[in-house]
Amino acid sequence: MAGDDPLRMLAEHACFGGVQGFYAHRSEVCRAEMRFAVYRPPQAASGRVPVLYYLAGLTCTEETFAIKAGAQRVAAELGLMLVAPDTSPRVRLPGDDAHWDFGLGAGFYVDATHAPWSKHYHMYSWVTQELPALVAARFPAGAEQGIFGHSMGGHGALVCALRNPERYRSVSALAPIAAPSQCPWGQKAFAGYLGDDRAEWAQYDASELAARRGFETPILVDQGTADEFLAQQLLPDRLIEACKASGTTLALNMRDGYGHGYWFVQSFVEDHLRHHAALLHG
């Protein structure tokens, strides 16, 4: 990974018999250097293993999940490669840090169509196309792929899976923004990145997609009852209704007393890894 190699290794660490690495590459779709983390379990030393993508939430980076979630121990047991991309391009644009919930660290996993964001903010294409192609070419990644995420990343994971069922065998989410077209976070992001066309918004709204398309394998969602964003921003009831409309199996666990942050994610990430491993290995 030297010289003119487009993949740049930032750091690698031994972890539960595998390797936790952090990398950067020049993204063609984002027209910027993009960063991501990869955990290679010990099984990857002798062959290709299933890949589970994790999309993080607002203000996070590619390091957040690797450092805070404590997922590597279980991934090592289950033989899962974990890939965690950054949450936005880091190219500076006017006003990109004016609000914590829009711009830097808040790409919302859409392909922006409005300037200035349309030049670099193509997170959807990066996550679903360019990054998987790079991972498949440069890491011992098998063909089996799943995706999950937290908060904004839960929204992104659901959207990516619902729009690409041929690519992802499994999907889950922790406290996802389930109906972004109907909540302040999503409305702000969609208006800024996509403009006022609600038809454009619909292709990035998990509840609207779930109602129309559904998903073949069960969707797992965990949600804390003490989450301060539950009533106004997350709206899991909309996802329940949508999955009922399409006949999609949704396992929604309301976790009593849990909030929104990584204390919650740490507590239930093992359940999600085991959910994905059963489907990816199966």
Side-chain angles (χ1 to χ4, degrees), residues 54-60 64-65 68 87-88 95-110 112 114 117 121 123-124 148-162 171-212 219-245 248 250-269 272:
Y54 175 87
L55 307 185
L58 290 164
T59 75
C60 294
T64 308
F65 177 74
K68 290 186 174 183
T87 52
S88 79
D96 60 9
D97 61 354
H99 306 278
W100 68 273
D101 55 356
F102 184 82
L104 286 176
F108 263 83
Y109 304 102
V110 305
H114 276 228
W117 317 102
Y121 278 59
M123 294 296 294
Y124 174 77
F148 75 135
H150 171 236
S151 193
M152 178 185 72
H155 136 76
L158 292 168
V159 167
C160 290
L162 289 163
V171 61
S172 70
L174 295 133
I177 304 172
S181 297
Q182 301 177 52
C183 76
W185 277 345
Q187 291 165 350
K188 180 178 181 176
F190 286 1
Y193 295 133
L194 305 172
D196 297 328
D197 186 355
R198 290 256 172 176
E200 188 80 4
W201 293 17
Q203 67 176 323
Y204 296 110
D205 188 302
S207 291
E208 296 202 30
L209 291 168
R212 296 200 314 267
I219 298 173
L220 172 64
V221 173
D222 276 281
Q223 173 64 61
T225 62
D227 190 321
E228 62 269 38
F229 303 115
L230 176 57
Q232 187 178 24
Q233 303 285 9
L234 305 180
L235 310 180
D237 56 308
R238 308 296 199 278
L239 186 62
I240 294 172
E241 295 168 2
C243 288
K244 285 181 179 178
T248 300
L250 172 65
L252 174 61
N253 301 310
M254 299 301 296
R255 302 296 189 176
D256 189 41
Y258 283 88
H260 191 72
Y262 270 78
W263 302 115
F264 161 69
V265 174
Q266 287 178 20
S267 299
F268 301 105
V269 69
H272 285 252

>> Restricting to non-hydrogen atoms, name the atom on Gly149 and the atom on Ala157 that form the minimum distance, rounded to 0.1 Å.
In response: N-CB, 3.8 Å
> If you look at every heavy atom in Gly57 and Thr87, which pair is closest and at what distance?
Replying inline: O-CG2, 3.5 Å
> From Gln182 CD over to Gln232 CD, what is the distance, rounded to the nearest 0.5 angstrom?
Replying inline: 13.0 Å
>> Ring centroids only, cut at 6.0 angstrom: are Tyr204 and Tyr124 within range, meaning strictly under it?
In response: yes
>> For a quick test of reading the model, state the closest non-hydrogen atom pair linking Pro180 to Ala206 and the distance between them.
In response: CD-N, 4.3 Å
>> Pair Glu208, Ser181 - check side-chain contact (heavy atoms from CB on, under 4.5 Å), show working.
In response: CA-CA 9 Å; Glu208 296 202 30; Ser181 297; 4.0 Å; yes
> After noting the C-alpha distance and the side-chain angles of Tyr121 and Tyr109, does the key distance pass the side-chain contact (heavy atoms from CB on, under 4.5 Å) rule?
Replying inline: CA-CA 8 Å; Tyr121 278 59; Tyr109 304 102; over 6 Å; no
> Distance-only, no hydrogens or angles: does the Trp201 side chain make a donor-acceptor pair with backbone N or O of Gly186 under 3.5 Å?
Replying inline: no
> So which heavy atom on Cys160 is nearest to which on Leu55, and how close?
Replying inline: SG-CD1, 4.5 Å
>> Test side-chain contact (heavy atoms from CB on, under 4.5 Å) on Val221 and Asn253; report intermediate values, then the result.
In response: CA-CA 6 Å; Val221 173; Asn253 301 310; over 6 Å; no
> Which value, rounded to the nearest 0.5 Å, describes the distance between Leu158 atom CG and Leu239 atom CG?
Replying inline: 6.0 Å
> What distance do Leu174 atom CG and Asp227 atom CG have between them, rounded to the nearest 0.5 Å?
Replying inline: 11.0 Å
>> Please enumerate all residues that pass salt bridge (charged side-chain N to carboxylate O under 4.0 Å, His left out) together with Asp96, with sequence neighbours excluded.
In response: Arg92
>> Please verify the inter-ring angle class for His150 with Phe264; under 30° counts as parallel, over 60° as perpendicular, anything in between as tilted.
In response: tilted
> Which atom names give the shortest non-hydrogen contact between Ser207 and Ala178, and what distance separates them?
Replying inline: OG-O, 2.7 Å
> Between CG of Leu220 and CZ of Phe268, what distance do you get to the nearest 0.5 Å?
Replying inline: 11.0 Å
> With sequence neighbours left out, what residues match Trp185 under ring-ring contact (aromatic ring centres under 6.0 Å, His included)?
Replying inline: Trp100, Phe229
>> Would Met123 and Val110 count as a side-chain contact (heavy atoms from CB on, under 4.5 Å) here? Give the steps.
In response: CA-CA 5 Å; Met123 294 296 294; Val110 305; over 6 Å; no
> Between the side chain of Ser88 and the main-chain N/O of Gly105, is any donor-acceptor distance below 3.5 Å?
Replying inline: yes
> Just wondering, are more than 12 heavy atoms of other shown residues or ligands nearer than 6.0 Å to NE2 in His114?
Replying inline: yes
> Is Tyr258 atom OH crowded by more than 12 heavy atoms from other residues, nucleotides or ligands, each under 6.0 Å away?
Replying inline: no
>> For Phe148 and Phe65, take the angle between the two ring planes, folded into 0 to 90°, and tell me which bin it lands in: parallel under 30, tilted 30 to 60, perpendicular over 60.
In response: perpendicular
> For Cys60, does its backbone N or O pair with a side-chain atom of Thr64 as donor and acceptor, under 3.5 Å?
Replying inline: no
>> My understanding is that only residues two or more places apart in sequence, or in another chain, count here; which of them pass side-chain contact (heavy atoms from CB on, under 4.5 Å) with Gln203?
In response: Arg163, Glu200
>> Check the orientation of His155 and Phe190. Use parallel for under 30°, tilted for 30 to 60°, and perpendicular for over 60°.
In response: tilted
>> Using every non-hydrogen atom in the two residues, find where Ala189 and Phe108 come nearest and quote the distance to one decimal.
In response: CB-CD1, 3.4 Å
>> I'd like to check the side chain to side chain donor-acceptor pair (under 3.5 Å) partners of Asp237; sequence neighbours left out, ordered by chain and number.
In response: none
>> Could you work out, with salt bridge (charged side-chain N to carboxylate O under 4.0 Å, His left out) as the rule, every residue matching Arg255, not counting sequence neighbours?
In response: Asp222, Asp271
>> By the salt bridge (Lys or Arg N to Asp or Glu O under 4.0 Å) test, which pairs, at least two apart or in different chains, include something from residues 180-198?
In response: Asp101-Lys188
>> Working to the nearest 0.5 angstrom, can you tell me the gap between Leu234 CG and Ser151 OG?
In response: 6.0 Å
> Between SG of Cys243 and CD1 of Ile219, what distance do you get to the nearest 0.5 Å?
Replying inline: 4.5 Å
